[in-house]
Amino acid sequence: MRKTDTHPGEWRWEEDGVTITRTIAWSGPGCHSQCGLLVYSKDNRVLKVEGDPATPYSEGRLCLRCLALPKVVHHPDRLTRPLKRVGQRGEGKWEQITWDEAYGLIIEKTRKIQAQYGPESIAVMMGTGRNIWHIGAKLAYTGFGTPNVCMLFSGLSCYAPRLRVMPITQGFFCVADCSQMFPDRFDNPAWKVPECVLVWGNNPLVSNPDSFMGWWLVECMKRGSKLIVVDPRRTWLATKAETWLQIRPGTDAALALAMINVIIEEGLYDKEFVEKWTFGFDKLRERARQYTPDKVEKITWIPKEKIIEAARFYANSKPAAIQWGVGFEQANSGISSILALQALWGITGNLDVPGGNIINKPTTFREIPPPLWGRQELSSELKKKRIGGKEYPLVPMAQPDILIDAMLTGKPYPIKMAWIQSSNPIACMGADSKKTLQALEAMDFVVVADLFMTPTAMAAADLILPVSSALERDAIRAECYETAWWGPIRTVNKVVQVGECKSDEEIILELGKRLNPEGFPWKNVEEMLDFLLQATGKSFKELREQGAPRYFPFEYRKYEKGLLRADGKPGFETENGKFLLSVPYFEKIGLDGLPYFDEPPESPFSTPELAKEYPLVLTTGARHWGLFSSEQRQIPELREIHPNPITEIHPETAEKYGIKDGDWIWIENMRGKCKQIAKVTASIDKRVVHAQHGWWFPEKPGPAPSLFGVFESNINLLVPYGQQGPSGYCAPYRCGICRIRKVQEE
Ligand SMILES: Nc1nc2c(c(=O)[nH]1)N[C@H]1C(S)=C(S)[C@@H](COP(=O)(O)OP(=O)(O)OC[C@H]3O[C@@H](n4cnc5c(=O)[nH]c(N)nc54)[C@H](O)[C@@H]3O)O[C@H]1N2
Ligand SMILES: Nc1nc2c(c(=O)[nH]1)N[C@H]1C(S)=C(S)[C@@H](COP(=O)(O)OP(=O)(O)OC[C@H]3O[C@@H](n4cnc5c(=O)[nH]c(N)nc54)[C@H](O)[C@@H]3O)O[C@H]1N2
Ligand SMILES: [Mo]
């Protein structure tokens, strides 16, 4: 497809009076990806969006959310001017103000709160990956001077756990190798087709998560890759797999340990790699022995023969890759699942080999932007004050479950101001949605920066800042958080201006300069981007003029070549230079250094009495095509595909409860209830139901108590705070309990 590029090396050109801009999009509608776009515009209007055939990440493919971008950009509900609350919170009375007035108000409130309670009483909360993490951290640390930056998301249960653990165990982030590090992709002679891809708690064809695109996997399958899929639901990939392991939600760590057990005891591991490059093998072996296929069959509900078969198949395939997702991170044993899954690629020697799991670090430099940019500028006294720092030393951000309590109780110290940028926690991230609302209501001052009026903004904001979408801003897309690295760098190129919207970059820089001029020395966003790009040797303009993503040299088996460690020696950038199967640092901070399985806090086994009343296992939030998290509910073309929230139920279970396909049903447990539409399907286990997350209804009344119907179908009313794993990460969003019944006509 790349051959059809009509303007190679150009980023903008004219055709019949229409301007065509080559750019990438990730947001508004938001997602994690690096999709290449050709945007057609005229007179400050986006006319249409096409896939850019020249971008090796997407090769011209686009999902429906990108195709609907013109509708999003020019949607009548877009926020276009800063809004100041004039009525009571939640009343929906706003006054339009200027940006100068908005910044003035923020400075006034910030100074007052800083003086009275200290800068640590300000909490900065961001949403999922939309290029904001590095600059948001900078605003928190350097601008507000607070150590409390996080997602308002129990257990920080998305990506943050993987991003935290991998740098400790192997030095850098690691991902399934589908040739994405090379611009010539599947044709690159150094790359190999994985013989087996183990797809675990991930559905990339739908979710294209974190710059891993589902179509890459299909290309691998066309070239011979066979799949093992671990998922409680029969996804499209599961139907194509050699083996589908239909797992009981929340038990992934046990399954992975049983597979390790089989691989070690049957001698299927890579002895040379283990000997030379890993640490803690004997301890891992001993631990895994406790997880026999017999025992793990009872835990996971997967027949032991299948567990053994999958372990053998994965271990005997060379190379084999693991593509994992958020499915197992949203369980209290999530950190153990991560350790165990890494151990699988470690003991089988599939690490950093062609077609295996690659450490996607370019060989020329380490990271842009810096991890949690600005944190090093905090005084050690302030660093120590980070909420949850004492309880959860592993978590470098504020720990949200403790933060929520601090917001409500003022302990260990008062939290008085919330800055929410690119997140809708009442509808989406937050567990216990009503508690999330109460915590925000307890603040003296709440700022929300978003593209649209959300339930969170309506309920809690004192000030709302209108933000530009990806087509309305200049930015860089560096697939990089903390020490993770995903490959090419591209520029995001502004096409149109909507109202008085500003980009996240502009807002943070302009406010940062007012809060702490020395900390934000750049004249404009371009200068700030140039600073961030320094390590790559190209400026923003140079990168943009290239009209193509910038790839960096990439090599396999970097640990053999001294390309991972700061001292240039072979091995891994870890505490002892080895790939850690057992983690001494974890032991030092009071955690188990090895993977293990803990029952979900509420389950048929851990709370059998409760389970009598709530007999079904509840998993939530598996992604679907048209919508991203809580977004796009106001875009008719996308809403048409998903008009209402859906709960999947097995036909026998539906029959038992007198439920038919298409019925509205209540899903409820001891914490609350919500209603969704039943989809009766044999793709799910009889004992499990799956409910969608992120639902609210922009067409319903905005003012409280309705808040756009955010408490009607919101599955997080059933999900608690405070059940995160012992590390502070990973909360059971995907392994609760519930019962269901038909909604009776009222
Ligand atoms: N279209 C669309 N794309 C998205 C998003 C979106 O909302 N819509 N959201 C984005 C975000 S924030 C993220 S984090 C990524 C997530 O993307 P993925 O990591 O692919 O996650 P999901 O699709 O949520 O879940 C993957 C699979 O996990 C399964 N699952 C549920 N419970 C368990 C369990 O206990 N164990 C295992 N092994 N599997 C389980 C689900 O059935 C599902 O098929 O997608 C991103 N992309
Ligand atoms: N029950 C359950 N709950 C879940 C999940 C689940 O699987 N089950 N998944 C969880 C996961 S993995 C995640 S990551 C979270 C996601 O939770 P959130 O990040 O809170 O999700 P969104 O709904 O995407 O909210 C993002 C907001 O940012 C706005 N936005 C979009 N683009 C931009 C931008 O460029 N700048 C700014 N400033 N704003 C922008 C959108 O309009 C939207 O209002 O939800 C979590 N919640
Ligand atoms: Mo996520």
Side-chain angles (χ1 to χ4, degrees), residues 26-33 63-65 72 79 125-132 136 151-154 157-160 199-210 212 214 229-235 237-238 245 247-252 255 323-331 337 420-431 448-457 465 467-470 473 475 503-504 507 600 617-632 648 683-684 688 690-694 696 714-716 718-719 732-736:
W26 73 86
S27 75
C31 69
H32 299 156
S33 289
C63 82
L64 48 181
R65 298 189 306 281
V72 175
L79 297 164
M125 299 144 179
M126 288 180 283
T128 188
R130 332 208 144 67
N131 237 34
I132 196 208
M151 310 185 260
L152 201 54
F153 185 11
S154 178
S157 305
C158 170
Y159 239 63
V199 182
W200 200 308
N202 186 225
N203 191 15
L205 291 199
V206 174
S207 62
N208 298 295
D210 309 291
F212 187 95
V229 170
V230 183
D231 200 303
R233 295 160 56 245
R234 188 172 52 202
T235 59
L237 288 173
L245 305 178
I247 192 165
R248 170 164 71 95
T251 63
D252 300 87
L255 174 61
Q323 170 53 28
W324 59 8
V326 84
F328 61 79
E329 252 171 349
Q330 295 183 353
S337 302
I420 301 173
Q421 193 156 8
S422 82
S423 184
N424 185 5
I426 295 175
C428 198
M429 272 205 162
V448 174
D450 204 299
L451 281 73
F452 288 93
M453 179 68 78
T454 62
T456 303
L465 303 177
V467 181
S468 312
S469 76
R473 65 169 95 186
S503 69
D504 293 301
I507 296 171
V617 173
L618 172 67
T619 178
T620 70
R623 278 35 177 174
H624 47 106
W625 293 104
L627 307 168
F628 187 95
S629 298
S630 74
E631 295 172 39
Q632 295 113 9
E648 291 168 319
S683 298
I684 194 156
V688 180
H690 162 250
Q692 290 181 348
H693 79 299
W696 60 290
N714 187 340
I715 199 67
N716 287 352
L718 284 70
V719 179
Y733 283 80
R734 299 222 172 182
C735 47

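Values below: every heavy atom of this structure, side chains too, minus hydrogens, waters and symmetry copies. Just follow the structure's listing: the first ligand is 1, and inside any ligand the first atom is 1. Index from 1, following the sequence.
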Is a side-chain donor or acceptor of [X] paired with a backbone partner of [Y] at a separation under 3.5 angstrom?
X	Y	answer
Arg65	Trp625	yes
Asn716	Ala427	no
Ser468	Ser503	yes
Tyr733	Ala431	yes
His690	Arg233	no

Check each atom of ligand 2 against the heavy atoms of [X] and keep those under 4.0 Å away; list them by number with element.
X	value
Asp504	34 (C), 35 (O), 36 (N), 37 (C), 38 (N)
Gln421	38 (N)
Asp450	27 (C), 28 (O), 29 (C), 41 (C), 42 (O), 43 (C), 44 (O)
Arg473	34 (C), 35 (O), 36 (N)
Ser422	19 (O), 26 (C), 27 (C), 28 (O), 36 (N), 37 (C), 38 (N), 39 (N), 40 (C)
Thr454	44 (O)
Ile715	1 (N)

*Could you tell me whether the side chain of Leu618 reaches within less than 4.5 Å of the side chain of Ile715, counting heavy atoms only?*
yes
*Which heavy atom in Leu79 sits nearest to a heavy atom in Asp450, and how many Å separate them?*
CD1-O, 3.5 Å
*Quick one: closest heavy-atom pair of Ala449 and Val467, and the distance?*
C-CG2, 3.5 Å
Give me the pairs of N or O atoms, one from ligand 1 and one from the protein, that sit under 3.5 Å apart.
| residue | atom | partner | partner atom | Å |
| --- | --- | --- | --- | --- |
| ligand 1 | 1 (N) | Arg65 | NH1 | 3.0 |
| ligand 1 | 1 (N) | His624 | O | 2.8 |
| ligand 1 | 1 (N) | Leu627 | O | 3.4 |
| ligand 1 | 7 (O) | Ser629 | N | 2.6 |
| ligand 1 | 8 (N) | Leu627 | O | 2.7 |
| ligand 1 | 9 (N) | Arg623 | NE | 3.0 |
| ligand 1 | 17 (O) | Ser207 | OG | 3.1 |
| ligand 1 | 19 (O) | Asn202 | ND2 | 3.0 |
| ligand 1 | 19 (O) | Val326 | N | 2.9 |
| ligand 1 | 20 (O) | Asn202 | ND2 | 2.9 |
| ligand 1 | 20 (O) | Asn203 | N | 2.8 |
| ligand 1 | 20 (O) | Ser207 | OG | 2.7 |
| ligand 1 | 23 (O) | Arg623 | N | 3.1 |
| ligand 1 | 24 (O) | Gly621 | O | 3.2 |
| ligand 1 | 24 (O) | Arg623 | NH1 | 3.3 |
| ligand 1 | 24 (O) | Arg734 | NH1 | 3.2 |
| ligand 1 | 24 (O) | Arg734 | NH2 | 2.7 |
| ligand 1 | 25 (O) | Arg734 | NH1 | 2.9 |
| ligand 1 | 32 (N) | Thr619 | OG1 | 3.0 |
| ligand 1 | 35 (O) | Gly250 | N | 2.9 |
| ligand 1 | 36 (N) | Asp252 | OD1 | 2.9 |
| ligand 1 | 36 (N) | Asp252 | OD2 | 3.2 |
| ligand 1 | 38 (N) | Val230 | O | 3.4 |
| ligand 1 | 38 (N) | Asp252 | OD2 | 2.6 |
| ligand 1 | 42 (O) | Asp231 | OD1 | 2.7 |
| ligand 1 | 42 (O) | Arg233 | NH1 | 3.0 |
| ligand 1 | 44 (O) | Asp231 | OD1 | 3.4 |
| ligand 1 | 44 (O) | Asp231 | OD2 | 2.6 |
| ligand 1 | 44 (O) | Arg233 | NH1 | 2.8 |
| ligand 1 | 47 (N) | Ser207 | O | 2.7 |

*Counting heavy atoms only, which part of Asn424 comes closer than 4.0 Å to ligand 2: side chain, backbone, both or neither?*
both
*How many angstroms lie between CH2 in Trp696 and CG in Asn424, if you round to the nearest 0.5 Å?*
6.5 Å
*asked:* For the CG atom of Leu465 and the CG atom of Leu451, what is their distance to the nearest 0.5 Å?
replied: 12.0 Å
*Could you tell me if any non-hydrogen atom of Leu451 lies under 4.0 Å from any atom of ligand 2?*
yes
